[in-house]
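A quick write-up on the structure given underneath.
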Amino acid sequence: MKIDLNLVGAKGAIAEAAEGKWGMTIDQDVCTGCQACVAACAMENNLSFVGEEDAGYGRTQHWIRIERFWEGEYPEIKATPNQPMLCQQCGHAPCEPVCPVFATPHSDAEQLNLQVYNRCVGTRYCANNCPYQVRSFNWRDYHIDPFHANMVDGKLVFALHNQFNPDVTVRRRGVMEKCTFCIQRIHKAQDTAKAEGRDVFDGEFTTACAQACPADAITFGRVDHHESLVSQLSHHERGVKHLEELNTLPRVTYLKGA
Amino acid sequence: MLKNIFDWLKQPLGLIAVGIFFLSVFSVALYGISTTQQAPAQPIEFPHKTHVGFGIQCLYCHPGASKGPAAGIPSQAKCWACHNQIEKTQTSELLAPLKNAVLSGESIQWVPVAIVPDFVQFNHRPHIAAGKNCEECHGDMSQVTIAENPQVFNMGWCLDCHLKNAGDDVEKKTKLTDCGTCHY
Amino acid sequence: MTATAKPYSKSAKTHDAHHEDEHDMKQYLMYDPKPRGEMNRMVMESMTTTSWKFWVVFAILGVLVATCFVYAWGYLIAEGLGVAGVNRPSYWGIFLVNTVFWIGISHAGTFISAILRVFKAEFRRPFTRAAELMTTFGLIQAGASIFMHLGRVWLSYWLLPIPNQRMLWPNFHSPLMWDLLAITTYILSSTIYLFMPLIPDLAMARDRSTGWRKTFFKILALGFRGTEGEWRHLTTAMNIFAFAIIPVMFSVHTIVSWDFAMAMRPGWSSSVFGPYFVLGALHSGMGAVAIVLFIMRLTMKHMDYFIRKEHFDALGKLMLIVTFAYTYFFFNDYILQWYGGDKWTDALLHWLEEGPMSWMFYQLILFNLVIPAFTLWNKKIRQTPWLLALIGFIINIGMYWERYLIVPVMLTINRAPFTWKLYQPNIEIFLTIGTFATFLFFYMLASRLIPLIPVWEVEEGQMTHSLRKVGKAELPTISEFE
Amino acid sequence: MSEQVSRRDFLKLAGLGAATTAVLTGCGPASRYVTREPYQQMPEYNLVGHSTYYATTCRECAAACGIVVRTYQGRAIKVEGNANHPLNLGKTCARGQTSLQGLYNPDRVTDPIKRSVRGDVASETMNWDDALQVVTDALKNHKPSEIAFLLGTSADHLFDLVTDLANSTGVNAPVRFGALSMFEARATLSKAAENLFGQAGLPWFDIANAQAVFSFGANFLETWISPVSYTRGFSNLRKAEGLKPRGQFVQFESRMSATGARADEWVPLRPGTEALVALAIGKLVAEHHGMEVPKIFSGVDPAEVAEQADIELEALEHIAKMFAEAKSIAVPGGAALGQSNGLAVAEAVLALNVLADNIGKAGGVYLSPLAPTETEYQRPASIQEMKALIEKMNAGEIKVLFVHGGNPVFELPLALNIRGALGNVEQVISFATFPDETALESDYVFPDHHFLEGWGYQRVATGVNLPVLSGAQPVVSPLYNTRSTVDVLLTASQAAFGNALPFKDEVEFLHSKVIALMGEAGGSFSATDEESFMASFQQYGGWWKKSNGTTSASDSNVLDKTANAEVAEFAGEGEFFLVPFVSPTLGEAGANKPWLQELADSTTTVMWNTWVEMNPETAHHQGIHNDDLIKIISEAGEIEVPVYLYPAIRPDTIAIPFGQGHIAYGRYATTTDENGNVLQRGANPADLLSIHFNEAGDLAFAGMKVRIEKTGRTKPLSRLESRIGVYNEGMEGH
């Protein structure tokens with residue numbers, strides 16, 4: 001596809017025309033707010049828990065959080081539909097240009113916003129600039145706090161470390177992190193498909209949150225394949241992109257309303 | 001005062017002292033670095049040389065390399081399958097640890113040699129599939145006893161090869177230089 | 001010249017009342033010359049005469065630097081930023097407040113020495129050095145504050161474009177990258193610009209001191225002997241630098257403002273931030289100069305000769321002008337944002353007006369706009385050093401609040417209301433004290449090591465100014481050397 | 001410079017540098033290098049670098065969802081749903097996801113221990129031979145009637161084993177109990193089904209195929225009986241597909257639960273009036289249909305009910321119209337049943353289903369099928385039955401108590417004083433995996449494996465229309481010196497009673513039970529020999545029938561009964577109705593899993609603590625603010641809890657989640673002060689409950705009135721949400 005680079009918004013047009021885009025739809029009408037996605041994400045991606053004090057102070061490491069607001073006054077009060085908020089993997093992401101060391105580049109191969117932990121120096125500019133506020137920073141070395149360890153034969157043993165997913169880097173202090181659309185699963189599926197000499201098919205794998213969701217609210221897949229489920233859902237009339245007015249071109253579509 | 005010091009340093013003895021100081025700092029630093037570059041001590045002084053000499057293929061003991069991320073260390077059962085039938089195993093001093101480990105059922109604590117940092121997600125399979133030979137990265141094992149790394153696996157070294165392989169193929173180059181290919 | 005006409009009596013009366021003041025030209029430093037040797041002696045004495053009080057303060061500051069700067073920073077690095085108060089959404093906190101504040105302080109030095117030099121404002125002469133020192137030391141604190149806030153400061157060299165085997169370069173799209181380049185340029189150029197006018201004074205000091213000081217000055221003076229050729233080279237270089245550093249100065253704070261203005265956040269993405277920040281910087285910088293001059297005059301020997309009421313008066317006028325310019329940009333920024341009517345900006349303005357930090361917003365208006373605008377009209381106030389220093393102090397508090405509002409308080413409000421959380425500084429307080437202590441520590445150290453008064457500039461001024469008797473009146477005249 | 005020269009030079013330099021600065025790279029601890037040991041004998045299905053997946057059953061709650069655990073080099077990495085399992089079809093809840101944090105919990109009991117002083121943390125380690133001797137002696141040296149077993153909620157293989165033991169030796173039949181069975185009032189539901197349909201058992205509500213769901217307090221999206229399967233049902237209810245419209249959902253409760261928050265209409269009725277409202281709706285529906293009002297509904301006057309329930313008559317009529325015009329289903333549950341008239345509520349709500357004519361039909365109410373190997377529905381003990389057991393303990397009739405799978409000291413109401421009752425038991429032996437409160441009150445703790453290390457099966461009580469026996473197998477080898485309780489009991493009972501249970505070990509016992517299914521037709525898999533049948537059982541994660549196994553109930557005379565149209569009675573004095581509910585994220589036993597603690601509560605987003613929900617208006621009148629620590633005083637006890645001003649609760653009601661308040665149970669379930677002393681984390685609403693029963697013997701846990709007192713202290717609650725952004729705090733004018 002040819003895009004006139006002189007046009008205003010050419011960058012957005014390129015992002016839109018890109019191939020290999022992964023995307024997600026979240027049906028807010030069926031989301032029950034059960035937190036299964038949050039737990040699944042934490043277990044899959046070696047997220048650290050931060051303890052009561054830091055959690056209340058806005059330092060939680062959730063890569064996905066479920067937002068709810070209130071409408072009306074008692075007794076005509078309603079909780080707004082749960083809104084699971086995660087990295088929108090913007091096609092035109094505000095976090096990307098502000099990082100001085102390219103620690104959060106746009107992946108041309110996977111069409112994702114990457115977070116390269118080992119490149120990050122911790123300016124936190126990306127998190128400031130993220131309109132969705134979905135980035136979380138490793139304020140401390142939460143994983144290796146001796147509080148979690150037992151002393152066995154004079155050595156600190158972290159039993160919980162046994163559960164770490166070997167496919168995901170464990171982050172230390174001073175590094176930004178965020179939802180990766182379970183890129184380790186993407187790679188695994190691509191690798192398997194390539195070994196078998198075929199393409200990854202729709203529904204072959206999915207992200208940890210979508211896999212766990214008991215209400216099947218989350219759908220994941222290639223949004224640039226017209227026949228894929230996620231692509232069809234994201235063009236549904238109920239589909240809304242969050243803060244679309246900022247031209248961030250998010251890859252997550254929320255199905256709002258009934 | 002300052003002048004006195006300078007004056008003292010200018011005389012031959014002073015120059016020698018300065019020389020010795022810098023030399024010692026340099027050699028200590030060199031020693032420190034060199035310790036990080038040596039092959040670690042292994043529980044068994046495994047002679048790769050001998051095994052390769054017998055004509056055993058790499059993939060016979062490390063079959064994971066062609067199928068997935070890790071090449072793997074062979075299980076004791078695999079060692080024993082052959083050594084069981086070799087008379088020397090019963091008598092050799094060097095093979096005693098293997099014998100003991102198998103008989104006692106304890107595992108041998110090999111020390112990994114060819115490692116990449118935690119933040120690099122390496123997968124053997126695509127490299128083998130792309131036609132790489134083991135020795136291109138791990139060196140010629142027919143020459144060494146304990147496995148040692150002929151080179152430090154760092155990003156420049158990886159990229160060098162990736163770029164060479166991609167050539168002018170834009171799509172390949174994109175994939176092979178994408179940060180997300182190795183770091184996530 | 002026969003300027004003796006008296007148009008009407010009322011005017012004449014006022015004239016009479018101030019007759020003594022206005023016509024005693026001796027009150028002006030430029031018209032109160034002293035012999036060269038005498039003045040040199042005075043400056044040298046001011047540098048070498050140190051009372052025990054100085055050492056007490058110096059020791060206290062030393063302790064503060066060791067604990068609040070060195071130890072606290074080390075602790076921060078070792079433990080991670082969790083020991084600070086930064087959180088989501090206030091990812092930046094006081095660290096960036098300090099950065100902007102210190103860069104603001106540093107602006108006064110360049111402004112006074114370069115711009116006023118270019119415009120030949122004569123009152124600048126005795127305190128250019130004092131102001132330039134503020135530039136250099138302020139920038140050190142600004143830089144330190146930036147590095148303090150990095151999550152992994154030991155990797156900060158990745159911000160530099162060093163060729164490497166990873167084939168990775170810094171991201172020149174990032175305002176932080178521009179920031180780094182701008183601040184580095186500024187710190188280099190301002191240090192050179194501090195050093196060049198210092199050379200003749202260092203040479204003077206070299207000739208008048210003994211012992212380790214002599215060695216010290218000898219090294220620093222670069223063998224300056226005061227020949228015609230040396231002077232010519234020096235003045236040419238200074239003139240070039242005076243012009244060249246002005247755009248650097250304006251660009252630095254503009255670029256610092258872009259850290260915010262380029263970001264996609266309500267309250268931040270404002271096109272007026274560039275000049276607004278520059279004016280803000282001058283506002284706080286002038287105030288800081290007033291404080292420093294007051295303290296120098298109070299504590300250092302012979303300083304009442306060099307720093308006089310006229311200087312405070314002139315500084316006060318400058319502060320007044322800056323106040324008005326600042327006021328314009330202040331309202332420009334807020335009113336335009338309010339007029340924009342964006343939903344999130346609206347929420348932000350409400351947060352500033354009604355939120356728990358609103359007291360800061362109102363104090364900012366009072367301290368930065370109202371108090372200076374209504375007091376600096378008065379000549380008496382302007383000429384009272386402690387009052388002017390007090391106003392300078394108030395302005396600086398106001399300006400600190402302004403930066404505090406822009407960074408952590410505005411960061412509270414973003415486009416994700418589910419995450420709005422208050423920011424509570426923690427170890428940052430100690431680090432802030434640490435930067436202040438380090439600044440003062442350096443300053444006090446400098447006051448013992450280099451002449452704080454550019455003697456040659458004062459002499460040059462006095463030589464070009466003279467009083468000439470015309471009839472009964474003594475009139476000031478200026479001659480040009482060049 | 002040519003490319004070769006420059007690149008190579010950089011390489012060498014940077015290479016040296018990289019080695020020395022590896023410490024500073026900011027990533028790690030090395031997740032991949034936890035162990036680097038080759039298998040001595042590589043399992044043939046295992047391949048280095050590849051994960052192995054094992055199907056097993058989640059036992060975090062009694063629902064028995066099927067899970068598949070990903071393991072890598074002998075470590076369990078991730079829990080995923082078993083897509084084949086009919087109950088959850090590949091889905092999991094947060095508690096199931098975090099079960100790995102139980103497996104790798106740093107606070108597990110690692111060895112058998114002996115405690116000289118009950119309640120004292122100090123203990124000494126034993127070896128298993130001595131431990132087995134202790135169990136053998138306990139069984140041998142006491143009369144069978146003096147030996148009792150207290151097990152967890154789920155009907156699993158251990159329950160079957162102990163039942164067999166009881167049948168063959170005469171020891172007391174095992175009692176199953178869990179906080180969830182108390183808060184779900186399972187006995188009430190089962191009793192109501194028995195009363196109306198003549199068959200005890202948990203009814204199963206097919207909300208997926210209904211058009212409108214009317215829930216009377218059932219928190220089926222949170223913890224209620226089988227939350228994952230009900231959430232699946234809810235998801236299907238909401239999805240409009242083809243001709244099927246999006247289903248409606250109405251929730252009646254006094255405090256908006258996470259379930260109620262998803263309702264289209266949330267009706268905050270006065271606690272205790274649920275039965276009346278259900279009856280009134282029945283009456284209005286019958287009138288709407290123009291039929292004669294059935295006898296069961298005839299005793300109520302809708303206008304009067306509306307006033308008693310503190311809702312508008314129009315709202316009631318509107319809801320009745322909705323009920324009448326759609327394919328409706330009514331679900332009783334939760335706090336509505338835990339009242340003095342809980343049974344009446346259950347009956348009235350089930351009667352509504354009869355009126356809607358949905359019994360045994362798609363989108364209606366079924367009687368849950370009996371699980372394979374089950375002959376009749378065996379429900380967990382009601383609190384009345386627990387009280388009977390405690391009275392026996394107090395009377396000294398029980399000399400040895402074996403506890404497994406539950407934590408009664410924490411879960412039972414303080415007023416029942418099980419702690420004191422345990423004091424009257426000579427020997428208390430706990431098989432706890434974690435050092436919980438009950439283990440603390442035991443003489444011995446002989447730790448069982450974590451469920452991911454052990455064998456087993458579990459019956460699925462409800463949640464799907466198929467009879468399901470969910471299979472469990474170890475996914476990792478046991479981490480610590482623990483031993484399966486079944487093995488312990490087999491060995492000990494053989495030593496004590498001879499060949500009462502003639503099995504070599506746990507696996508053989510399982511084999512004997514499961515193999516019985518081999519002959520049954522219509523199973524999910526079939527095999528010709530026992531070995532492969534057992535292998536398939538483990539591989540598929542269980543055995544289930546492929547055809548609908550629900551029994552249709554007879555509902556002929558239901559509507560002709562007379563209903564008990566009374567408002568519930570409330571015990572105690574005070575101005576507030578107390579609604580305790582089970583924390584949706586923590587459940588009954590999740591408090592020791594740090595990630596469950598860190599999950600935001602679905603409605604309040606509070607983490608790591610207990611809170612009390614209070615209407616902001618009420619709080620305003622009382623001068624109470626967010627985070628104020630208040631004392632809640634019931635007739636049975638008092639606790640101190642910080643306040644959460646909750647906009648969706650009746651002004652005359654306060655609600656407290658159950659799940660926190662541990663004084664033992666590991667470092668994450670408790671807190672410590674500066675000196676390292678273990679303190680209670682949060683508070684336990686079970687301390688407030690006084691002992692009143694409904695007609696079915698369940699505790700009337702929501703049938704209390706309490707008063708509150710300010711303490712003047714505060715305890716900031718950690719919330720995920722922003723109080724500024726969500727409640728406009730600090731920006732009131734905006």
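Chain identifiers are assigned alphabetically (A, B, ...) following the order of the sequence lines, protein sequences preceding nucleic acid strands; residue numbering begins at 1 within each chain.
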At a heavy-atom distance under 4.5 Å, which candidate from [options] has the highest pair count against chain A?
options                : answer
D:L599, D:N615, D:V79  : D:L599
D:E617, D:R232, D:M256 : D:M256
D:L103, D:I649, D:V476 : D:I649
D:Q597, D:E80, D:R681  : D:E80
D:P594, D:A240, D:A648 : D:P594
D:P584, D:A600, D:A261 : D:A600

If you round to the nearest 0.5 Å, how far is [atom2] of [Y] from [atom1] of [X]?
X      : Y      : atom1 : atom2 : value
D:L89  : A:D216 : CG    : CG    : 9.0 Å
A:C34  : D:E222 : SG    : CD    : 10.5 Å
D:Y646 : A:I77  : OH    : CD1   : 8.5 Å
A:D54  : D:S718 : CG    : OG    : 9.0 Å
A:Q35  : D:T585 : CD    : OG1   : 7.0 Å
D:T618 : A:Y74  : OG1   : OH    : 9.0 Å

Which of the residues [options] is involved in the greatest number of heavy-atom pairs with chain D at under 4.5 angstrom?
options                     : result
A:P214, A:A215, A:A159      : A:P214
A:Q61, A:R68, A:H62         : A:R68
A:K78, A:E76, A:E67         : A:K78
A:V157, A:N82, A:V38, A:I66 : A:N82

Is it the backbone or the side chain of [X] that comes under 4.5 Å from a heavy atom of chain A, or both, or neither?
X      : answer
D:R70  : side chain
D:A76  : backbone
D:T71  : neither
D:Y480 : side chain
D:Y668 : side chain
D:L720 : side chain

- Message: For a quick test of reading the model, state the closest non-hydrogen atom pair linking D:E598 to A:G51 and the distance between them.
- Response: OE1-N, 3.2 Å

- Query: Can D:K78 and A:N165 be said to form a side chain to side chain contact (heavy atoms under 4.5 Å, CB included), step by step?
  - Reply: CA-CA 8 Å; D:K78 177 87 189 345; A:N165 185 350; over 6 Å; no

- Assess the side chains of A:H161 and D:Y104: does a donor N or O sit below 3.5 Å from an acceptor N or O? no

- Item | A:N150 and D:R667 side chains, donor-acceptor separation under 3.5 Å | yes

- Task: Mark yes or no for whether D:W608, through its side chain, and A:E53, through its backbone, hold a donor-acceptor pair below 3.5 Å.
- Result: no

- Is there a donor-acceptor contact under 3.5 Å from the side chain of D:R262 to the main chain of A:T32? no

- Item | Which portion of A:V50 sits near chain D, non-hydrogen atoms under 4.5 angstrom | both

- Taking NZ, NE, NH1 and NH2 as the nitrogens, is one of them in D:E721 or A:R65 under 4.0 Å from a carboxylate oxygen of the other? no

- Item | Pair D:R246 + A:D29, salt bridge at N-O below 4.0 Å | yes

